[in-house]
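Read through the structure below, which is laid out as structure tokens, and then see the notes.
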Amino acid sequence: MSSVKTLNANAEVMNRAAALFMNINAAKGLMDVMRSNYGPKGTIKMLVSGAGDIKLTKDGNVLLREMQIQNPTAVMIARAAVAQDDITGDGTSSIVLLIGELMKQAERYLSEGTHPRVLVEGFEVARKAALEFLDTFKQPLPTPPAAPASEPSSSSSEPASAPPVDREVLRCLARTSLRTKLAEGLAEQLTDIVTDAVLTVRRPGEPIDLFMVEIMHMRHKLDSDTRLVRGLVLDHGSRHPDMPKRLDKCHILSCNISLEYEKSEVNAGFFYSSAEQREKLVAAERAYTDERVRKVIELKKQVCGEDQGFVVINQKGIDPISLDMLAKEGIIALRRAKKRNMERIQLACGGFSINSVEELCPECLGYADEVYEHVLGEDKYTFVEGVRHPHSCTILIKGPSDHVIAQIKDAVRDGLRAVKNGIDDGAVIPGGGAFEVAAAHHLRTVTRKTVSGRAKLGLDAFAEALTGLAKALAENSGHDPQEALLALQEEHERGNVVGFDVGTGEPMDPSTAGVYDNYIVKRQILQSAPVLAGQLLLVDEVMRAGINMRKQ
Amino acid sequence: MATGMPYGLQAMLKDGHKHFSGLQEAVMKNIEACKGLAQITRTSLGPNGMNKMVINHLEKLFVTSDASTIVSELEVQHPAAKLLVMAAKAQEAEIGDGTNLVLTLGGELLSNAESLLRDGLHTAEVVEGYQRACEKALEVLESLVLPNTKDVDVRDKAEIARRLKGSISSKISGYEDLLAGLVAEACIEVCPKNPNNFNVDNVRVVKIQGATLPDSRVVTGMVLKRDTEGSVKGVTDAKVAAYTQGVDTSATDTKGTVLIKSAEELENYSKSEEAKLEEYIRGIADSGARVVLSGSSVGEMALHFCEKYGLMVVKMPSKFELARLCRATGATARATFGAPTAEELGFAKSLRVQEIGGTNCLVLQQDAALGSIATIVLRGSTEGFLDDVERAVNDAINTYKALCRDSRMLAGGGAAEIELARQIADFAKKQTGLEQYAINKYAEAFEMVPRTLAENSGLNATDALSALYSAHAAGQTNAGLDVDGGAPRDLSTSDGILDLFSTKWWAVRLATEAACTVLKVDQIIMAKQAG
């Protein structure tokens with residue numbers, strides 16, 4: 001009996017064997033769940049929430065977030081995977097798979113009496129070696145001769161027309177990531193959208209801010225109608241029936257000015273003794289707001305020539321009377337715009353946001369070729385399109401039902417991250433399991449010679465676990481995992497870098513097939529998976545006071 | 001306790017989670033549920049389809065054969081069946097008609113998939129085959145479009161009525177000629193210069209209990225189920241002033257206090273108040289307006305002065321109704337109270353209170369040139385029946401909208417489906433891979449439509465189907481099922497039944513997509529039901 005029992009009679013204790021058993025089983029159990037949706041040919045899982053909402057997903061991250069996991073070990077692994085997603089945006093399934101594989105391999109050695117500490121030491125050696133190998137394995141992004149990728153600022157003159165990175169490689173990165181989350185045809189279409197979106201918001205010398213890519217969704221038409229809007233889509237419309245629904249060649253005023261009557265903050269009141277006086281008070285109350293609206297209208301008259309439109313996008317409110325005044329001048333006015341949209345407007349259309357009517361000047365105006373309203377059932381959307389130098393854009397996701405939209409949305413987010421990571425890293429890793437097989441080969445042939453003693457066991461387990469990922473890939477595509485792995489290993493022994501072709505089941509060259517993974521994703525996996533697996537292996541007692549750990 | 005940690009996913013999830021995986025547990029069960037759903041709606045397909053009596057959670061009774069109403073009131077719980085319902089809803093949102101086709105086709109595709117899976121095909125192969133077949137189906141569908149239907153005069157009442165008939169007859173059988181005529185008349189009335197901009201909102205439907213359906217009529221203008229405020233109950237050739245706010249004394253936003261020091265002042269204050277209001281209302285009357293539309297309350301005193309100047313006062317609590325009435329009269333609603341300018345005034349040819357079936361209704365009638373809103377007044381004996389007719393009319397209006405955008409038509413009565421089945425089956429024979437079985441089954445699923453039509457009409461489905469096949473094999477690609485006679489006949493002729501191409505196009509796409517999604521799911525993880 002454990003000594004904890006004497007301290008607290010109700011405490012629950014698991015001894016070393018039971019603790020290890022639980023940890024290994026939980027890791028393997030979680031792996032079994034995630035295994036079938038790994039890779040482009042993985043299957044879809046249907047999640048039904050407590051309220052009966054449906055979510056369909058292939059994305060490991062979504063799956064882990066939506067599944068309410070309770071087992072403590074599984075929760076730890078899930079957290080590591082969610083951290084993986086926070087940092088890199090991809091590779092959640094891989095990390096769960098690698099941890100599961102590591103635990104599975106460890107189990108074999110443990111049953112033969114190896115001490116967990118020995119294995120963990122081996123893991124540590126292997127991890128370091130694998131990370132070093134990763135650095136030699138990565139392929140720098142091919143750069144066009146004009147501008148080196150490492151210094152994107154050098155090409156600041158024409159950021160839009162001469163991207164200093166190879167678009168094709170980025171497309172491959174996006175495609176590889178998207179295909180693991182969506183059906184092939186759709187992934188292909190989104191590839192261009194995602195790549196172009198990132199290239200649009202990329203500004204020389206500045207880190208890429210993915211928040212400048214707005215993701216909007218409309219429940220309308222088909223998923224294949226998803227498109228990239230080089231401009232903005234705002235999820236609200238004008239609040240006045242007489243405002244124009246469409247304007248061309250628009251000057252855009254973005255402001256943060258209240259165009260509605262606001263009560264004073266101190267407790268104020270009027271005293272009057274006749275209806276005339278009251279009328280005057282009513283007029284006076286409006287005068288201040290009306291004056292501001294009039295200034296906006298003056299500016300419109302000043303800048304707008306024939307057939308030019310004027311659009312006011314206000315972060316604060318515009319009351320019906322002010323709207324009425326603006327509508328009479330043929331101005332589209334949007335009220336209560338979101339703050340992040342205000343930032344995006346400046347990036348997309350130019351101009352700058354003003355905070356008081358005194359700052360009104362023609363220079364602060366942005367420009368867009370067309371602004372129009374789209375009504376979808378009850379919801380209104382305003383499109384701002386045809387801007388001159390877009391540094392912000394919108395991915396407009398369409399789909400016939402909410403679950404389709406949610407699925408695309410999650411995938412787009414990951415796709416954007418993949419492209420961004422690619423640009424940030426300036427390097428890519430050949431995909432399709434090429435790295436895993438190569439790293440395992442490297443560990444077995446090169447690293448093993450440098451290690452002596454019992455650490456070799458951990459190293460072997462690690463190498464075996466890595467190949468597990470390639471096996472899962474083959475298994476999900478309906479091919480024989482052992483055969484596929486052997487074919488890959490043989491090619492690698494010949495010195496070729498090959499990945500697994502999910503279509504044919506044969507080894508293929510990732511660079512010709514255009515299958516690339518992110519460097520940072522692989523790095524992060526190698527960093528955290530062995531550490532977590534090691535921690536789980538070294539647990540020798542699980543204690544819990546209070547409610548029972550197991551379900552009754 | 002040490003040894004018995006339960007293994008697997010179940011052990012890791014919260015209590016009450018359900019987890020299904022694999023072919024038997026997940027896929028087959030899903031198919032079963034979808035088949036069940038399709039079974040329910042199937043019998044309502046076509047002009048002779050049966051009505052369903054649905055009582056929803058609010059104990060409201062629905063008697064209808066409109067599939068979208070049935071499924072939305074059924075509150076389907078099963079996740080896979082829900083996917084099919086979502087596809088039907090998407091169809092409803094996109095076209096507004098053809099929901100039953102989505103459900104029936106989707107259910108049939110899945111039940112055919114079941115037999116394929118039992119034969120040992122992998123779901124991926126079935127999905128692949130279905131997707132290939134879907135592409136082919138859309139291609140064939142395109143080629144089946146009846147010639148001379150691409151361009152249509154959307155203002156030709158007889159032609160439009162003919163095209164709307166198919167949509168109505170599937171919901172309200174027996175009155176399709178009457179209703180198609182009414183809908184066509186109303187839609188043409190409000191169709192803008194560019195038919196693409198046709199707004200379904202401009203055709204209103206008002207249900208008034210009493211009399212019989214043939215007493216229904218179209219009003220060029222609006223019919224509102226409300227009375228006027230004052231005693232003026234009817235005007236002709238009148239100008240209209242509209243206000244989004246109430247017709248009353250103006251008030252400040254900030255709280256005001258009347259400062260009164262003596263009894264005289266009190267008296268004077270009320271008088272000045274009255275004088276001010278009278279001034280306003282006189283201003284309205286002087287501007288030539290004879291009707292005042294108020295967006296919210298009408299003050300007692302304001303009403304008094306309106307009476308004095310002979311103004312008709314109408315209260316419109318709904319902002320949207322007010323906007324519509326403004327559109328119908330051409331008035332601009334003023335945000336502030338006061339005399340309107342000449343441009344802000346609207347015009348009503350005739351606006352009067354009429355008693356229809358015991359209800360006082362405000363009827364606005366406009367000349368055709370002015371009217372941008374038309375109203376179909378439906379009469380009928382029971383509320384339930386009227387609701388059903390309204391749904392049919394709404395579907396037809398949506399069909400008109402779709403027609404304005406894409407007027408291509410197909411022969412109805414299962415003609416297009418049989419041709420699709422035939423051509424896709426031929427296509428399957430040319431395939432080499434395992435998908436051919438799936439494509440073949442896909443073709444078979446289309447047979448379900450004429451089969452169901454025949455079954456619902458009390459005909460021998462197998463006989464009808466083989467007769468159709470032989471007619472099509474003889475080159476009569478537009479031969480469809482005559483639900484009255486049973487023998488196949490060419491439905492593209494002037495007295496035939498036509499279906500909208502876009503309805504079928506979307507239905508095929510959405511049904512296939514839903515079926516494939518259901519098939520692709522291999523694991524279901526259900527959280528504990530909330531509550």
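No experiment lies behind these values; they were computed from the predicted model shown. Chain letters run A, B, ... following the sequence lines, proteins first, then strands; residues in each count from 1.
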Point to revise | Non-hydrogen side-chain atoms of A:Asp324 and B:Thr244 separated by less than 4.5 Å | key: no
Point to revise | A:Ile54 portion near chain B, given a 4.5 angstrom heavy-atom threshold | key: side chain
Review point. Who passes salt bridge (Lys or Arg N to Asp or Glu O under 4.0 Å) against A:Glu279, sequence neighbours left out?
Key: none
Review point. So what's closer than 4.5 Å to chain A heavy atoms on B:Leu277: side chain, backbone, both or neither?
Key: neither
Check your understanding: Which residue, B:Glu513, B:Arg509, B:Gln91, B:Met86, forms the side chain to side chain contact (heavy atoms under 4.5 Å, CB included) with A:Pro400?
Key -> B:Glu513
Point to revise | Region of B:Ser270 in contact with chain A, defined by heavy-atom distances below 4.5 Å | key: neither
Exercise for review: Tell me, yes or no, whether the heavy-atom count around A:Arg246 atom CZ, taken from other residues, nucleotides or ligands under 6.0 Å, exceeds 12.
Suggested key: yes
Check your understanding: Tell me, side chain or backbone of A:Thr73 under 4.5 Å from chain B's heavy atoms, or both, or neither?
Key -> neither
Point to revise | chain B contact via A:Leu47 - side chain, backbone, both or neither, heavy atoms under 4.5 Å | key: both
Exercise for review: Go through the atoms of B:Ala275 and report whether side chain, backbone, both or neither lie under 4.5 Å from a heavy atom of chain A.
Suggested key: neither
Check your understanding: Heavy-atom distance under 4.5 Å between the side chains of A:Val48 and B:Ile525, does that happen here?
Key -> no
Review point. Is chain A contacted by the side chain of B:Phe320, its backbone, both, or neither, given a heavy-atom distance below 4.5 Å?
Key: neither
Check your understanding: Which one, B:Ile260, B:Asp201, B:Thr123, B:Ile524, leads in non-hydrogen pairs under 4.5 Å with chain A?
Key -> B:Ile524
Review point. What part of B:Glu344 gets closer than 4.5 Å to chain A, counting heavy atoms only: side chain, backbone, both or neither?
Key: side chain
Check your understanding: Where does B:Asn268 contact chain A at under 4.5 Å (heavy atoms): side chain, backbone, both or neither?
Key -> neither
**Study point:** Which portion of B:Glu273 sits near chain A, non-hydrogen atoms under 4.5 angstrom
**Key:** both
Review point. Are more than 12 heavy atoms from other residues, nucleotides or ligands located less than 6.0 Å from atom NE2 of B:His78?
Key: yes
Exercise for review: With the side chain counted from C-beta on, respond yes when B:Asp522 and A:Lys45 share a heavy-atom pair under 4.5 Å apart, and no when they do not.
Suggested key: yes
Practice item. Between chain A and each of B:Leu83, B:Leu266, B:Asn30, count heavy-atom pairs under 4.5 Å; write down the option with the most. Key: B:Leu83
**Study point:** Proximity breakdown for A:Lys245 and chain B, heavy-atom pairs closer than 4.5 Å
**Key:** neither
Review point. Non-hydrogen atoms of chain A under 4.5 Å away: do they reach the side chain of B:Lys520, the backbone, both or neither?
Key: both
**Study point:** Student check: side-chain heavy atoms of A:Val33 and B:Gln523 closer than 4.5 Å
**Key:** yes
